[in-house]
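Shown next, in structure tokens, is the structure this report addresses.
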Amino acid sequence: MAASIRVRLRPGGRALHTAAEIATPAAEVVASAARYPPVVASLTAKSKAARQRRVDRWHQEAHDAPSVEAKLRVLTKLQRLKYVVYPQTFALHADRWYQSFTKTAYLSGLPLPPPPGPGEPGGPADLAPLRSAVCDCLLQEHFHLKRKQRAPLYREQEAVASPFLHQLVASLTGLLTPHNPSLAAAALDFKRPVHFYWWRGEEIIPKGHRRGRVDALRYQINDRPHNQIRIPKQLSEFVPLDYSVPVEIPVQNCKPDKLPLFKRQYENSIFIGTRLADPCCYGHTQFHLLPDKIKRERLLKDNRADQIEVGYRANAIASLFAWTGAQAMYQGFWSEADVTRPFVSQGVVTDGKYFAFFCYQLNTLALTVQADQNNPRKNICWGTESRPLFEVIEDGDVKGFNDELLLQLVQFLMNRPEEYRSEVL
Amino acid sequence: MCPSVRPAWVSGPPSGLGKVRGPGEPGPGPAARAGAPIQVPHPDATPSRYPLYQAGNPQLRIFRTNFFIQLVRPGSAQPEDTVQFRIPMEMTRIDLKNYLQSIYNVPVAAVRTRIQHGSSKRRDHRNVRIKQPDYKVAYVQLAHGQTFKFPDLFPEKKPSPEAGSIDDIQNQFMEDERQRQKGDPRRGGVPDWFGL
């Protein structure tokens, strides 16, 4: 009776109960054998989830690349319109724009101690041979060499200042090699290309067949530093990797086109000056010569006296960021695999008479919108104002030679990685 | 036949003007020229070309230029030191720099120009294309760190009529009417016809 009531009140209850009993062990067996495909977003739809899945697939392909060459190829294979950033530019306030493109904080003053004088520990043994070498280079170009014709219009720099700078770097490096073992193993390049390609920020495409879609902003630097010194070991860092800089990075409210900056589509290349297999794959110092377009006299004539220093800073920030970024990518780091140790390089920007010194530390490569969401690290650039090396050259004599500048240059060239600190040749 | 009507196949100038001269032939002397009417260009007309400069000429100075420029609001966001102008097509960036510096004492660091094509797509009731005029746009960057922001010419302002005016009395009357039409506030917005 109770059983029938139970059955009437819950018709099929017993059937269900027994069916469940039979079903559960069967279901367990079935669940362990069946594999359903994972429920993921589409790959080809016009949706945010689909785009995220495509981007994640591409990132995974880069992570899984067997070698650094393959990784760079995966990252730079797709060509799209990108902004071409010129380190040597006459655009106004270019240094603030370049700081926002490269997430660099600029600090005035170098992180090194004041350059030691001759005879002091860490300084050159004797300043006289160095000074005479520099004066020889100056006099050679400005006085002794009798040129048949004047340099063509607006090509004075490459006719006069370029050979002087090349000779200066070569002679100073040669004179200081006995005192700095890292220079002995270094490679000196002359006008080698340095390329870097990166993403920063996003925009909605305004026109074209991809209109309305979100697209990252791409940048490319193609630079030709006048001279650069590459060493086999990385220079020691100036500040720790996660150092929080008190200075804010400038933020621009308008598109980079207003700088003015133009877009082009061509090969995305990342290059430090030599190919991947070279043992000298870390940077030491770069030397840049400013072109005639941003000469001091021209800027003063055009009401742009405050843009003189901007030219030096913009050149240093862009070139050193490109060089250190390319060095980091040669070691396998990229925006989703951020650097685990800082990459440090030095730079000297000159226009033949005035010299400005810069130190750059790359703390982060994660500049894309996705990677930059929780990234407190900033790249840091330290720099000085431009100072003259000499006052005037007349009658075969260099007047007003600036010894402090020479000491600073010597300090730059004597900078060496940690391992070499204790070594003395 | 009427003397003023010429057959279409007759080429050359109308007979009243005189002999047609070739390019190399010398013109008539001043005495002969005095007879024909002289075409003098209007002094205010913009010359199609400035007088040619040859080495040794004095510096060309223009004291009352015929250029007029408009300061416009930028369509897209510009940096703080950039001012946007619409300038005549014949004006160059060097002209604009001299114009702003000499006439208005505005220090100019850089000027960039472009020509905006005026649309030729619209058609009128006869399907004839209507051309909007082309114009030149100049982006001027100010020197010495100066900035400029285009002012808001039509700010949102609620019209508040002054006390005693007709508008004010009218508004007051309408407010009182609305107050009278409202029901008992103690009913909490429930209409009058609703009742238990």
Side-chain angles (χ1 to χ4, degrees), chain A residues 83-86 88-101 106 153 201-208 211 217 248-263 291-311 313-314 385, chain B residues 53 55 59-60 69 71-87 91-121 136-152:
Chain A
Y83 288 110
V84 183
V85 175
Y86 292 96
Q88 297 182 329
T89 173
F90 48 80
L92 272 69
H93 308 301
D95 62 334
R96 292 175 55 85
W97 283 93
Y98 288 2
Q99 279 181 54
S100 76
F101 295 155
Y106 179 78
L153 195 61
E202 263 174 6
E203 64 158 3
I204 308 283
I205 304 176
K207 245 184 132 50
R211 188 188 138 127
L217 290 175
E248 284 298 320
I249 297 174
V251 168
Q252 306 289 348
N253 300 328
C254 35
K255 285 169 64 173
D257 296 79
K258 312 294 177 196
L259 172 57
L261 212 57
F262 298 99
K263 282 192 173 182
D292 282 284
K293 265 208 155 87
I294 40 179
K295 268 198 310 205
R296 248 162 220 260
E297 299 85 32
R298 254 178 95 118
L299 292 177
L300 287 168
K301 207 163 49 125
D302 285 338
N303 272 342
R304 283 194 248 169
D306 50 341
Q307 303 296 320
I308 297 174
E309 293 303 321
V310 166
R313 286 199 291 262
E385 302 268 311
Chain B
Y53 176 83
Q59 169 75 53
L60 175 68
I69 62 178
L71 216 189
V72 295
R73 176 195 297 282
S76 51
Q78 298 282 341
E80 297 103 26
D81 61 345
T82 304
V83 190
Q84 191 167 333
F85 291 96
R86 282 196 193 178
I87 61 179
M91 205 171 176
T92 63
R93 53 183 73 189
I94 306 159
D95 284 336
L96 181 63
K97 186 167 181 177
N98 294 338
Y99 188 102
L100 289 173
Q101 281 176 179
S102 337
I103 301 178
Y104 294 99
N105 289 330
V106 171
V108 168
V111 181
R112 294 188 296 276
T113 57
R114 67 177 177 92
I115 296 186
Q116 176 62 53
H117 165 78
S119 149
S120 186
K121 190 177 182 186
K136 196 180 254 194
V137 180
Y139 301 91
V140 171
Q141 285 189 293
L142 303 171
H144 310 315
Q146 295 181 359
T147 58
F148 177 78
K149 187 169 163 9
F150 196 87
D152 188 12

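The chains referred to below are lettered A, B, ... by the order of the sequence lines, with proteins before strands, and numbering in each begins at 1.
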### Task
Return yes if a side-chain donor-acceptor contact under 3.5 Å exists between Gln101(B) and Asn303(A), otherwise no.
yes
### Query
For chain B, which of His93(A), Arg304(A), Gln307(A), Gln252(A) has the most heavy-atom pairs under 4.5 Å?
Arg304(A)
### Message
Quick one: does any side-chain atom of Tyr98(A) pair with a main-chain N or O of Tyr86(A) as donor and acceptor, under 3.5 Å?
### Response
yes
### Query
Between Arg313(A) (side chain) and Glu385(A) (backbone), is there a donor-acceptor pair under 3.5 Å?
no
### Message
Could you walk me through whether Lys97(B) and Val140(B) satisfy the side-chain contact (heavy atoms from CB on, under 4.5 Å) test, starting with their C-alpha distance in whole Å, then the side-chain angles of each, then the deciding distance to 0.1 Å, before giving a yes or no?
### Response
CA-CA 8 Å; Lys97(B) 186 167 181 177; Val140(B) 171; over 6 Å; no
### Query
Which bit of Asn253(A) is near chain B, if near means a heavy-atom gap under 4.5 Å: side chain, backbone, both or neither?
both
### Which of Ala143(B), Pro79(B), Ser76(B), Pro107(B) touches chain A most, by non-hydrogen pairs under 4.5 Å
Pro79(B)
